[in-house]
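Please read all numbers here as calculations on a predicted model, not as lab measurements.
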Amino acid sequence: MVDWKAVGVGSIINAVLTLVLLISAFPLFFVGPLVGGMVATYIGRGEKEDAPVEGALTGIIGGIIIGVLFIAGFGALSAIIGLVFAKVGLVSGAITVIAGVFFTVLAIFIGGVLGLVGGFVGAEIRENGRKEVIEN
């Protein structure tokens, strides 16, 4: 059973960390979905078999959040261009929608795959941590 609270927390961590790293240190943006998936499976109460699903869900939901923010940001930019230049604004609005949908699909795919990997890692960390506590 998927722990939706953990998936929600992991998705928010994924989106925030990805956006911060995308702006500050571009090549490290892929760390966001990995950390989001790890956190979701580590704090989640689900079974180990559900960990990849939880991790992938954090990546998918985080990708949707990032895509919506991307479209909203470029929508505001194209509205400003539309106010200044009437005909250019129409073209930039169409390009914004096309680029936004492409970027959203790409973010969902990359986030889902990296979240899945993070889910595996988080589940292993949780299981090994429990073994350490039980042994000591």
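Connection of Ile12 to Leu57 is not established within any shared hydrophobic cluster, with ILVMFWY side chains joined at heavy-atom distances below 4.5 Å, either directly or through further cluster members. A continuous path of Ile, Leu, Val, Met, Phe, Trp and Tyr side chains, each step under 4.5 Å between heavy atoms, connects Leu21 with Leu106, placing both in one hydrophobic cluster. Both Val53 and Ile61 belong to a single network of hydrophobic side chains, linked directly or stepwise wherever heavy atoms of I, L, V, M, F, W or Y lie under 4.5 Å apart. Residues Ile60 and Val68 share a hydrophobic cluster, clusters being chains of Ile/Leu/Val/Met/Phe/Trp/Tyr side chains in contact below 4.5 Å. The cluster map of Ile, Leu, Val, Met, Phe, Trp and Tyr, joined by side-chain heavy atoms under 4.5 Å apart, puts Ile110 and Val117 in the same cluster.
The distance from atom CD1 of Ile125 to atom OG1 of Thr41, rounded to the nearest 0.5 Å, is 7.5 Å. With rounding to the nearest 0.5 angstrom, the CZ atom of Phe70 is 9.5 Å from the CG atom of Leu22.
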Throw together a table of side-chain donor-acceptor distances under 3.5 angstrom for residues 26-40, partners on residues two or more places apart or in other chains.
none

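Taking every heavy atom of both residues into account, Ile43 and Val9 meet most closely at CD1-CG1, 4.1 Å. Residue Ala15 comes nearest to Ile65 through the heavy atom pair CB-CG2, 3.8 Å, listed as atom of the first residue, atom of the second, then distance.
Listed by first then second residue, pairs satisfying side-chain hydrogen bond (donor to acceptor under 3.5 Å, both in side chains) with a partner in residues 103-128 read Lys48-Glu124, not counting sequence neighbours. For residues 15-28, every residue pair satisfying the side-chain hydrogen bond (donor to acceptor under 3.5 Å, both in side chains) rule, not counting sequence neighbours, is listed here: Asn14-Thr18.
Put simply, the side chain of Phe103 reaches to within 4.5 Å of the side chain of Ile66, judged on heavy atoms.
Judged by distance alone, with hydrogens and angles left aside, the side-chain atoms of Glu54 form a donor-acceptor pair with the main-chain N or O of Asp3 at under 3.5 Å.
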**Request:** Could you walk me through whether Val121 and Tyr42 pass the side chain to side chain contact (heavy atoms under 4.5 Å, CB included) test, one step at a time?
**Result:** CA-CA 9 Å; Val121 173; Tyr42 184 76; over 6 Å; no
